[in-house]
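Heads up: numbering here begins at 1 and tracks the sequence.
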Amino acid sequence: LMFEQTESQKTTAANDLRHLSEAELLDVLECARKVSSRDHALLIVGFTHGLRNQEIARLRLGDLNWKSQEIRIRRLKSSLNTVQPIVRHRGRPALCEMTALRVWLKERRLGNDPSDFLFVSRKGGALGQRQVNRLFAEYCELASKARIARHEAPIAKSVRHVHCLKHSRGTSLAERGVNPYRIKLILGHKSMASTERYLHGSQKQAWADAQRLSMEVF
């Protein structure tokens, strides 16, 4: 049975070409968690800290500080280098960065890979940035098949690129009402102009917020 999008779903897909919805993100992460501890850790780290594919690929074991439970983020394109907390998410294993990293590192030690890169390939050594993109696209495809089986819309092909995790992180924070300045720090931007590109929001949410505020005022 082929999945057919409604007009509403087509409109949503057309308007949200740069980030995953929260439901789509969870589907992708759950697929990765079931298949590979490395891939799950890689994707949740990428999302949590808003990383590009190159930034994920060049993370090293020394960037993790288990004593302070922090991770050092070295960004590209003149973005800010930062040290950020390793996030716990109780009750949502797919979103728990702390658990994902611990599971992956336990498996990585068993593999005895001498590389100091955090995420290593099956053949040994660092993952390439193209491999990171390919992995993400594969999990988007896997998640889409599961969504279609549930009669839900597949993940748009336009967002099957790791950089959309950065957009997804910024959008998720914005929709939760996080201060844009704090979003700027989380994503490692030097200027607010860079952050504004990630703050998509939605017309539906904007009208809901406006109605709530008007009720409070009047």
Side-chain angles (χ1 to χ4, degrees), residues 17-20 24-25 28-29 31-33 35-65 70-87 94-95 97-98 100-101 103-105 107-108 111 113-143 155-173 183-200:
L17 298 180
R18 292 190 292 175
H19 70 279
L20 297 171
E24 290 172 335
L25 174 69
V28 171
L29 293 176
C31 285
R33 190 168 73 94
V35 173
S36 165
S37 64
R38 180 201 65 182
D39 299 347
H40 178 226
L42 181 155
L43 294 180
I44 193 61
V45 168
F47 168 73
T48 301
H49 305 286
L51 303 181
R52 300 178 177 89
N53 57 352
Q54 304 100 311
E55 294 164 347
I56 294 172
R58 57 185 274 178
L59 283 169
R60 297 178 182 269
L61 293 170
D63 291 326
L64 298 176
N65 185 329
E70 294 174 324
I71 181 170
R72 181 171 65 242
I73 305 298
R74 294 174 292 172
R75 300 185 190 272
L76 303 174
K77 295 188 177 181
S78 301
S79 296
L80 297 173
N81 293 332
T82 55
V83 175
Q84 300 185 353
I86 297 172
V87 174
L95 289 171
E97 181 186 24
M98 179 72 74
L101 281 170
V103 171
W104 159 237
L105 289 175
E107 181 180 318
R108 190 188 184 288
D113 193 304
S115 170
D116 67 342
F117 284 98
L118 177 56
F119 300 114
V120 292
S121 71
R122 303 300 183 197
K123 297 180 180 179
L127 279 173
Q129 62 188 60
R130 289 184 180 179
Q131 286 177 281
V132 174
N133 277 333
R134 178 178 54 78
L135 286 171
F136 180 68
E138 288 175 355
Y139 285 113
C140 284
E141 177 65 21
L142 194 60
I155 295 170
K157 291 186 178 180
S158 59
V159 296
R160 298 186 188 188
H161 186 285
V162 167
H163 194 63
C164 88
L165 288 177
K166 192 177 185 81
H167 285 281
S168 301
R169 180 60 162 159
T171 301
S172 176
L173 292 169
I183 297 175
K184 170 181 173 292
L185 296 178
I186 291 170
L187 298 182
H189 293 148
K190 284 188 175 181
S191 71
M192 280 301 302
S194 297
T195 306
E196 287 170 0
R197 296 199 299 268
Y198 295 81
L199 308 183
H200 313 297

Shortest non-hydrogen contact from [X] to [Y]?
{"X": "Glu107", "Y": "Ser37", "value": "OE1-OG, 2.6 Å"}
{"X": "Ala143", "Y": "Ile155", "value": "CB-CD1, 4.0 Å"}
{"X": "Ala41", "Y": "Ala100", "value": "CB-O, 3.7 Å"}
{"X": "Val132", "Y": "Val162", "value": "O-CG2, 3.5 Å"}
{"X": "Ala32", "Y": "Tyr139", "value": "CA-CE2, 3.5 Å"}
{"X": "Leu20", "Y": "Cys164", "value": "CG-SG, 4.0 Å"}

Which is it for Phe119 and Arg38 under the side-chain contact (heavy atoms from CB on, under 4.5 Å) test, yes or no, and what are the steps along the way?
-> CA-CA 7 Å; Phe119 300 114; Arg38 180 201 65 182; 4.1 Å; yes
Within the structure provided, determine whether [X] and [Y] are in side-chain contact (heavy-atom separation under 4.5 Å).
{"X": "Thr48", "Y": "Ile71", "value": "no"}
{"X": "Leu127", "Y": "Phe117", "value": "no"}
{"X": "Arg60", "Y": "Arg74", "value": "yes"}
{"X": "Arg122", "Y": "Ser36", "value": "yes"}
{"X": "Asn65", "Y": "Val83", "value": "no"}
{"X": "Arg108", "Y": "Ser115", "value": "yes"}
{"X": "Val45", "Y": "Ile56", "value": "no"}
{"X": "Leu76", "Y": "Glu55", "value": "yes"}

Between atom [atom1] of [X] and atom [atom2] of [Y], what is the distance when rounded to the nearest 0.5 Å?
{"X": "Leu95", "Y": "Leu29", "atom1": "CG", "atom2": "CG", "answer": "6.0 Å"}
{"X": "Leu25", "Y": "Leu165", "atom1": "CG", "atom2": "CG", "answer": "7.0 Å"}
{"X": "Arg75", "Y": "Arg52", "atom1": "CZ", "atom2": "CZ", "answer": "8.0 Å"}
{"X": "Glu97", "Y": "His40", "atom1": "CD", "atom2": "NE2", "answer": "10.0 Å"}
{"X": "Leu135", "Y": "Cys140", "atom1": "CG", "atom2": "SG", "answer": "11.0 Å"}
{"X": "Leu51", "Y": "Leu43", "atom1": "CG", "atom2": "CG", "answer": "11.0 Å"}

Would you check, one step at a time, whether the test side-chain contact (heavy atoms from CB on, under 4.5 Å) holds for Phe136 with Leu42?
-> CA-CA 9 Å; Phe136 180 68; Leu42 181 155; over 6 Å; no
Pairing of Glu141 and Arg160 as salt bridge, 4.0 angstrom limit |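 A salt bridge links Glu141 with Arg160.
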Has the side chain of Asn53 got a donor or acceptor atom that lies under 3.5 Å from a matching backbone atom of His163?
->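 Between the backbone of His163 and the side chain of Asn53 there is no qualifying donor-acceptor contact (under 3.5 Å).
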Start with the C-alpha distance between Thr82 and Leu185, add both sets of side-chain angles, then the distance that settles side-chain contact (heavy atoms from CB on, under 4.5 Å), and finish with yes or no.
-> CA-CA 8 Å; Thr82 55; Leu185 296 178; over 6 Å; no
Test log, rule side-chain contact (heavy atoms from CB on, under 4.5 Å), inputs Leu105 and Leu118 | CA-CA 8 Å; Leu105 289 175; Leu118 177 56; 3.8 Å; yes
